[in-house]
Every structure is written in structure tokens, then in C-alpha cells.
S.K.: 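First, the structure itself, so that you have it in front of you.
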Amino acid sequence: MKKIFILIFFNLLFADSMIKPIPEKIKYDRQKAKLGMYLFTDPRLSKDKKISCMSCHKPSEGWADKRKVSIGVFGRKGRVNSPTVLNAVFNFRQFWNGRAQDLKEQVFGPLHSNFEMDMDKKEVEKTVNTIGVYKKLFKKIYHTDYITADMIADAIAEFEKSLITPDCKFDLYLKGKAKLTPLEMKGKILFKSYGCITCHNGVNIGGNSFQKMGLIISYKNCIDDRYEITHNPADRCVYKVPTLRNIALTAPYFHDGSAETLKEAIKKMGYYNLGIELKSDEINAIEAFLKTFTGKQPDLGKFR
Amino acid sequence: MNFYKKYRNIIEIGILGFIVIFSILYFNSYTQNYLLKSEKIITSLEKLRATELRLNYEILKSNVFLYYDNDKIIRAIKSMEEDINDILRFEFNNLFPKDYNEFLTYKQMTYKKVKYVYTFQTYNSALKNSIIFFNSELNRLGNIIFEEIRNNKLNINDYIFYQKVNSFVTSLLLSKNAIDTDLIINNISFIKNYTSENPKINRFKNLFMIHTDVVLKTYPKYIKLLKKIIDEKALNKLKQIKNHIFIIEQKKIKYFKYFSYLLIFFVILIVLLIAVLLIKREKDKIKLKKTLNKLKNIINLDYLTGLLNRMKFNKDVKKIDNPALLILNIDRFKNFNDIYGSKNGDLLLKKLAQHITKIAHEHINAKVYRLGSDDFGILYEKNLYDSMKLAFLFKQNIEKTVFKIKNINVEISISIGIAEIKPLLENADIALKATKKDRRRSILKYTPHLDIRNKIKENIKKYNVLFNALKKNDIYPYFQPIIRLKDNKIIKYEVLARIKNDDKIESIVPYLEIAKENKLYSELTLMMFNKAYDYLKDKDIKFSLNLSIEDIMDYDLMKKVFNKYKEDDILKKVTFEILESEAIDDYEYIKNFINIAKRKNIKIALDDFGSGYSNFAHILNLNIDFIKIDGSLIKKILCDNKSYQIVKMITDFAKRNGIKTVAEFVEDEKTHNKLIEIGVDYAQGYYYGMPQPYI
């Protein structure tokens with residue numbers, strides 16, 4: 001008995017340092033980022049000229065999508081809930097199943113996906129190369145007369161890199177600049193003692209490993225999981241752990257957007273991955289704790 | 001091509017030098033590049049190895065620690081991937097092809113490893129999830145048991161269940177931290193099959209079993225994966241690659257060392273070659289200097305005798321304020337060469353040169369030169385010596401010396417020309433030539449009148465006069481009486497030639513030499529014979545005509561003479577006066593001519609006897625009628641006993657052999673009387689009568 005307690009206590013000592021505050025500033029190329037912003041918001045990059053990146057990563061919705069699944073060109077429905085772009089730079093992989101190594105590689109996913117923007121590289125290049133503003137800006141920044149898809153992705157990735165949300169309440173708490181309320185404190189302890197932290201850790205409180213949805217109680221709706229890439233049976237229902245930063249802003253939750261509210265999401269995680277039914281006071285506490293992850297939203301005015 | 005031959009060595013060394021310098025530069029950059037690259041590769045491989053070890057360390061940490069920041073693993077993976085890409089950027093497939101391929105294999109291994117790591121993370125979290133669950137649930141189970149004890153309702157089986165659960169969880173933790181599946185208690189059938197009377201325990205058991213199922217299913221895979229991840233296959237591969245590159249590098253360094261030795265050898269070789277070339281050049285320079293000196297000497301020295309030469313003389317003569325020069329010339333050296341050969345002639349010249357040098361050094365301060373084939377010059381300061389005395393000194397000394405030339409004892413006589421007036425060489429030469437003309441004087445000092453240049457002018461003038469006279473027939477016979485001393489009666493006239501020059505009648509004598517040299521002599525003789533004939537043919541007067549040996553030898557001339565003088569009348573009246581000279585070398589011919597003349601009743605006289613080459617033996621052979629005693633002897637018979645004796649001897653000799661004697665150049669009575677006393681038969685001269693154009 002004692003041994004177990006000692007072990008667990010010993011491990012708990014290290015728990016706080018497992019979540020790191022995100023840096024207040026990040027290095028990026030301002031001009032590229034500005035150009036990236038134009039592209040990010042430009043629907044001409046899609047087949048029906050109606051869908052831009054921002055159509056599914058809305059700043060007002062935590063740079064994610066309120067809808068269960070996003071709607072792409074010609075009203076086509078997507079398969080999974082669009083994850084937030086905020087702090088995506090800190091994710092070790094991109095997409096729910098982590099099929100992109102980095103932001104730049106990620107850009108081509110929605111561009112090519114026929115139910116998102118449905119453009120192949122040539123089409124994108126052709127479109128962008130006919131737009132005078134882009135010709136001018138790319139010439140200035142990339143010193144080129146012909147804009148390639150790779151440059152477009154690079155610019156967009158640079159913009160996304162700038163989208164970080166520093167100084168959330170918990171980060172300030174970690175830096176000793178803020179105090180948590182008793183409820184938030186309770187939620188923090190529960191977050192650790194229930195083992196949420198074994199997956200949601202690091203600078204992005206998640207986004208640094210692949211984990212199974214429905215570890216204890218198996219989950220039915222495992223679409224777009226790791227298995228689709230690795231075809232390893234062990235990877236069924238395995239996803240990149242999503243970040244918990246700004247989690248209060250990015251409802252609905254899970255890859256399938258099946259949880260409408262944060263509370264519901266907490267409850268579902270307790271059920272599927274711990275096999276327990278969390279009490280409502282526990283859910284409230286954890287929710288309060290998770291809300292401390294909402295940081296300073298990026299101000300696009302800085303690009304003007 | 002010529003240029004190449006001339007500078008062959010330099011060009012070759014130059015080319016070799018360029019090759020070596022190029023090789024050194026290339027070698028330097030190659031080795032630097034190679035060593036830098038290989039060092040970078042080795043360093044990067046070491047760094048990569050450290051990174052992978054860090055990854056392993058993080059993995060193990062995440063295994064041990066319940067709470068772990070997965071970012072650290074991700075960061076290690078990213079570093080490893082970056083390191084691998086950095087190494088691949090070196091593009092060392094050319095440098096170390098085998099290792100490059102090995103490294104690609106290593107990269108594949110790391111791909112796999114990263115995949116394992118991701119799966120490991122998933123398993124690890126799942127296990128930790130359950131362990132944390134076990135922790136809180138075990139606590140709850142303890143509370144349930146405690147509650148039973150407190151209520152005295154403790155079922156011993158419930159407690160055993162509690163213990164079994166406890167053991168299992170403990171073994172799981174132990175096993176996990178020890179990474180040893182043996183430690184885990186697999187037999188959980190008791191727990192699985194246990195049904196308690198307490199529903200709380202049953203509820204616990206159900207949830208516990210779900211977690212345990214997950215754990216037991218995941219755990220062996222997890223341990224296997226962990227072992228796979230932290231096995232050191234990849235690390236060893238990396239180490240192998242690194243070591244292999246290091247070995248190859250060391251080997252290559254060895255080659256570099258050898259090659260650098262070779263280059264050093266070549267550098268030394270070039271330095272040596274250059275040194276040799278420089279030494280050779282120095283040697284050549286010295287040789288050239290020597291040759292130059294030799295050449296200088298050759299220019300200044302006579303090759304045969306080693307005396308200073310004429311060129312040097314020309315230089316030296318300018319350095320002396322009042323120079324004087326003796327030219328010593330061997331008499332008849334040409335004859336010596338003809339007789340003994342020019343080799344011995346050269347030997348003689350050498351010996352004489354030594355001898356002259358010796359005399360010069362012993363007696364005076366002078367320089368000795370060889371100025372011509374057998375001309376030796378002695379140059380000195382005029383004011384220091386009496387030139388005549390010096391000349392006598394040399395002449396006496398040389399002439400009493402016997403030169404031994406290959407067993408031949410050679411005695412020589414020399415002639416000396418002296419010049420004290422510039423141009424020395426020319427003037428001394430003139431003096432020397434003058435000695436050769438005048439046999440009686442073998443030392444002559446130059447005076448302007450010796451100068452042949454004046455004579456030449458005079459000769460040309462004389463020639464013109466003679467030539468014109470011959471052309472204009474301006475040669476006239478004059479007649480000088482010859483008397484018989486016994487009774488002073490004129491018995492004959494000698495016909496003498498006179499020449500008209502500017503309306504003046506002159507003696508032909510000064511023109512004779514010119515006439516001989518220019519082949520005008522025979523013309524002159526013929527003209528005289530013809531004119532004498534025309535004048536005397538009808539007169540009852542005897543007369544004598546002069547003939548030189550050259551005239552007699554001239555066949556055409558004699559033919560013309562005898563064509564004119566063919567009547568007996570005239571032949572009886574004529575005497576031919578033959579002038580004896582050294583040119584007589586065909587006595588038989590002369591003898592024959594005299595005999596022919598005698599047969600024609602022509603008398604023969606031998607002219608100018610007693611001068612030069614008079615030979616009594618000849619006279620006897622030649623069957624002559626008269627001997628004309630040379631005027632130079634007659635002039636001196638009163639004062640010079642020698643001359644008297646000679647005249648007397650000639651007269652006696654002639655008498656004894658039935659030859660009449662004629663004395664020439666009788667100018668006074670005393671001489672006339674003396675001649676009578678001696679017993680000379682006839683005489684002629686101004687005392688008796690001047691030559692007259694008419695008789």
C-alpha cells in the first residue's frame with residue numbers, strides 16, 4: 001500500500017511542470033505572414049470561389065468551426081470537425097490523424113480535399129498567378145515571377161505560425177502572475193488525479209502524442225483515424241491528442257464534433273477513456289480549470 | 001625551337017615547379033575539404049548518437065514517471081530527424097559510399113523507431129491511465145474493506161480479494177518500472193471469478209476487470225515495444241558507421257602523409273635542380289670569363305711566338321709620348337722556309353722571339369711585338385736610348401747567336417729599320433725596305449727621303465716621260481769616245497742613250513729601271529740599235545752598243561737586231577757591251593749567244609765588271625774581247641788601295657787571258673796616268689770627251 005502511495009506521490013511532484021506556458025511571442029516573417037493572411041482569407045483559392053481557409057477556421061469561433069463538420073465547396077460536407085488553427089504550430093503533427101508533418105504540409109490537405117476547397121496545385125498556381133496583388137507581393141517577398149503552390153503554402157503556414165494565444169490564466173498562474181479560484185484548483189487536481197494529464201501535457205496541453213479514443217469503453221464513430229494511414233489494427237480510433245488551449249472557444253468537441261458542450265466532452269472522456277461516470281461537481285471543476293486555458297486572441301490588426 | 005633549346009633546363013624545371021605547386025594547392029584543398037568533411041560527419045554522427053540516446057532517455061523517463069511531458073519525446077524525435085537530414089546534406093556518398101548506404105539503413109531504422117515511439121506513447125498513456133485509475137479505485141476498495149471491518153462485517157474473501165488486487169497493482173508498477181514482464185502477476189482468475197456479497201466490491205471488480213483487461217492486453221506489447229525502442233541496434237549501427245569512417249579517414253590520412261612526403265621530395269628536388277642550375281650558370285660564367293680573357297689575350301698576343309701582336313702595338317703606341325720603333329727582319333727568311341720548311345721556320349721565329357725578348361729585358365725597358373711574318377718590333381721611349389746603338393746591340397747579339405732548330409745550327413743575319421717619327425710602323429718599314437735595296441747597309445733610320453712614296457711619284461713621272469719619248473721617237477744616241485791609252489787615239493765610240501724631256505736632253509740611266517719594270521726596255525734597246533745603225537752605217541767608225549742580259553734573253557728583240565745588223569761592214573764595226581748582273585742564270589744560253597755573235601765578227605765586252613757579281617770563272621767560259629772595269633772602282637783608284645788592287649788584278653787577269661780592258665769614268669789626268677801605270681788598254685770618260693750627239 002505504502003509503496004504505491006509513495007510512487008504516486010513521487011510522480012505527482014512533477015505534474016505541474018508537465019504543462020508549459022506558451023511563449024508570449026514567436027518569431028515569424030511579418031511580410032510573409034501578412035501575405036499568408038490574405039491567402040488564408042481568400043475564397044478564390046477554392047473551386048467555387050466561395051470557400052477560404054477562414055470559412056472553417058473562423059476567428060470568432062476560436063479559429064475552428066461551430067458546425068459538427070465543416071461545409072466545403074458546392075456545399076459538400078466534411079468528415080470531421082475542423083480543429084482550431086490557434087497554437088497549431090505547437091502540435092507535433094497536423095490533422096486529427098497527424099498525417100501532415102507540419103503546418104506547411106497541412107495547407108495542401110484542405111486545398112486538395114474535394115469536399116473542402118477542391119483545387120489541385122496547378123489550379124491554385126494558375127489562380128494566384130493571375131491576381132495582380134499576389135504577383136506583386138510574391139515578387140517582393142519570394143523574388144519570383146511565378147508563384148508556386150509551395151510558396152503559397154509557405155506563406156499561409158507563416159501566417160498560422162503567428163496565431164498563438166499567450167498569457168491564458170493558467171499560463172499566468174504557472175508564471176506566478178495569477179491565482180486560480182478554488183474551483184479551478186479543484187479542477188486542476190482532478191485533471192491530474194484522473195490522469196487526463198497523461199495525454200494532455202506539454203506546451204499545447206495535448207498535440208504531442210497519438211491516443212486512443214475509447215480506451216476503456218470502445219468508441220463507435222472512429223472516422224479519419226490513424227488506422228486510415230497506418231492500416232495497423234492497433235491504430236483504430238487513435239487520434240492526435242487535441243490541444244486543450246482555447247478549448248472553451250472551440251465547441252463542438254471530438255473529431256466527430258459529437259460533444260456540443262465542454263461539460264459533455266469532459267463527461268464523455270471520463271466515460272470512454274476511464275470507464276467512470278464523473279460527478280457533476282467534478283465536471284464543473286474540470287470545466288472551470290479548462291476555461292483557464294483561454295488565452296489572448298491574436299489581433300489581425302497588427303498586419304495592417 | 002631555338003628558344004626551347006636555349007632555356008630547356010629552366011623551362012623543364014619551371015614546368016615541374018608548376019606541376020608541384022599545382023599539386024600542393026590541389027592536395028591542400030582536397031585534404032582540407034576531405035578532413036573537414038569527414039570531421040564534420042564524424043562530429044555530426046556523434047551528435048546524432050547523443051540525440052538518439054536522449055530520445056531513449058526520455059522514453060525511459062516517460063516509462064518510469066507517471067506524469068510526463070510528451071513534448072520532450074517529440075522534441076528529441078525532431079532533433080534526431082534534423083540531425084539525420086544535416087548529415088545527409090553532407091552528401092558523403094562519394095567519400096564513404098558503404099557508410100552512406102549504412103546510414104540510409106540507419107535512417108530507415110529510425111523511421112521505424114519513431115513509429116514505435118508514437119505507438120509506445122499511446123500504450124504508455126493507456127497504462128498510466130489505468131494505473132492512475134487503480135490508485136484511486138484501490139483507495140476506494142480500501143475504504144470499503146475498512147468500512148466492513150468497522151461494521152464487523154468483514155468477509156475474509158473480500159480481504160483476500162483486496163490483497164490480490166493490491167498484489168496485482170503492485171506487481172504491475174514494479175514490472176513496469178523494471179521493464180520485466182516476469183514480475184507481473186498474470187494469474188488474476190481469483191479476482192476475475194470472485195463474487196462478493198458486497199455489491200460495492202462487485203461494482204469495483206467490474207470496472208477493475210475492464211481496466212485490467214486493457215492493461216494485460218497492452219502491457220506485454222508495451223514492454224516489447226519499449227525494449228525494441230531502447231535496444232541499441234540503431235545506436236550500434238551508428239557507432240559502426242562512425243568507427244568505419246574514422247578508420248577510413250585514418251587510412252586516408254596515412255596516404256596523405258605519404259603523398260605529402262612525395263610532394264616534399266619533389267620540392268626538395270626542384271630546389272636541388274635550381275641549385276645545380278645556378279651552380280652550372282656560375283661555372284659557365286667563370287668559364288666565359290676565362291674564355292673572354294683568353295680571347296683578349298689572343299687579340300693582344302701573337303699566337304705563334306706569344307709576343308704582343310700588332311693590334312696591341314697599335315694600342316700601346318698611343319700611350320707613349322715620344323715613341324720609337326725598331327723593326328727587326330730576318331734576311332732571306334723566305335729562303336730558310338723554302339729549304340727547311342715552314343714548320344722549322346716557325347720554330348726559328350719562336351726561338352728568335354724568345355731571344356729578342358731576353359735581350360730587351362736584359363738591356364732596356366721596351367716592349368717586343370711580332371708585327372709581321374718575320375718582323376719583330378721593339379717599342380721604346382725615344383729619349384731614353386740612342387736608336388742606332390740599340391739597333392747595333394740587337395743586330396750583333398742576334399747575329400753571333402746560333403739557333404738550334406732540330407739539330408740544324410742556324411745563323412741568321414738581320415736587317416733593322418728604325419723609326420722615330422710617326423707613323424712609326426710605316427716609317428720603320430720604309431727604312432727596313434731601304435736596307436734590302438742597299439746591301440751595304442743593314443740598319444737604316446727612316447728619313448723622309450727614303451720614302452718610296454716620293455719615288456713612286458717620280459717613277460710615274462719617269463714612266464710618262466719615257467713612254468712619250470718612245471712614242472715620239474725622242475730617244476737619241478750620243479757618242480762617247482773610247483781612247484787607246486798607249487797613244488791617246490780614239491779607236492771607238494760607245495753609243496749612249498739620251499732622252500728628251502721638256503726639250504732637255506737627259507741621261508737615260510735614271511729611266512732604265514722603269515723601262516725594265518714596264519717592258520719598255522726592249523723597245524728602248526731596239527730604238528737605240530736602229531738609230532745607231534742609221535747614223536753609223538756609212539761611217540768608218542767602230543762603236544759599241546749596250547745589251548742587258550734581259551735583252552739577250554728576249555728572242556724577238558735579238559731577231560730584230562740581227563735583221564738590222566746583217567751586213568759584214570757593220571758587223572765588223574760593232575761591239576756588244578753585255579752588262580753582267582745577278583739575273584744570269586742560264587749561262588749556256590749566254591754562251592751560245594756570244595758564240596753566235598763572235599761568228600758574225602761582233603766583238604763582245606763585259607760591262608761594269610768589278611761591281612756586284614763579277615765572276616772570273618765566267619769570263620773564261622764566255623770567250624769575250626773586252627772587260628769594261630766598273631766606274632766606281634776607277635773613281636777610287638787614287639785614294640783607295642783596295643780599288644786599285646782590284647783594278648790591277650782585273651787588268652792582270654785580262655792580260656793573261658788575252659782580253660782587252662777598258663776603264664770607265666776617267667775624269668782627270670792622274671787617273672789617266674795611273675791607268676797607264678796599271679796597264680789598262682783603253683779608257684773613256686769626261687777627261688777624253690763628253691758623249692756627243694754627233695761625231
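Below, chain A is the first sequence line, B the second, and so on; all start at residue 1.
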S.K.: Most heavy-atom pairs under 4.5 angstrom with chain B, which of A:C199, A:G275, A:G202, A:C196?
M.R.: A:G202
S.K.: When the ring planes of B:Y118 and A:F210 are compared, do they come out parallel, tilted or perpendicular, using 30° and 60° as the limits?
M.R.: perpendicular
S.K.: Tell me which one of A:R245, A:K177, A:K296, A:K20 satisfies side chain to side chain donor-acceptor pair (under 3.5 Å) with A:D171.
M.R.: A:R245
S.K.: Could you tell me which portion of B:F133 (side chain, backbone, both or neither) has an atom closer than 4.5 angstrom to a non-hydrogen atom of chain A?
M.R.: side chain
S.K.: Under 4.5 Å heavy-atom distance to chain A, tell me which part of B:K78 shows up: side chain, backbone, both or neither.
M.R.: side chain
S.K.: Tell me whether the guanidinium CZ or amine NZ of B:R54 lies under 6.0 angstrom from the six-membered ring centre of B:Y57 and within 45° of its axis.
M.R.: no
S.K.: Examine A:K161 relative to A:Y28 and say whether NZ or CZ is less than 6.0 Å from the centre of the six-membered ring and inside a 45° cone about the ring axis.
M.R.: no
S.K.: Can you say whether A:F90 sits under 4.5 Å from chain B via the side chain, the backbone, both, or neither, judging by heavy atoms?
M.R.: neither
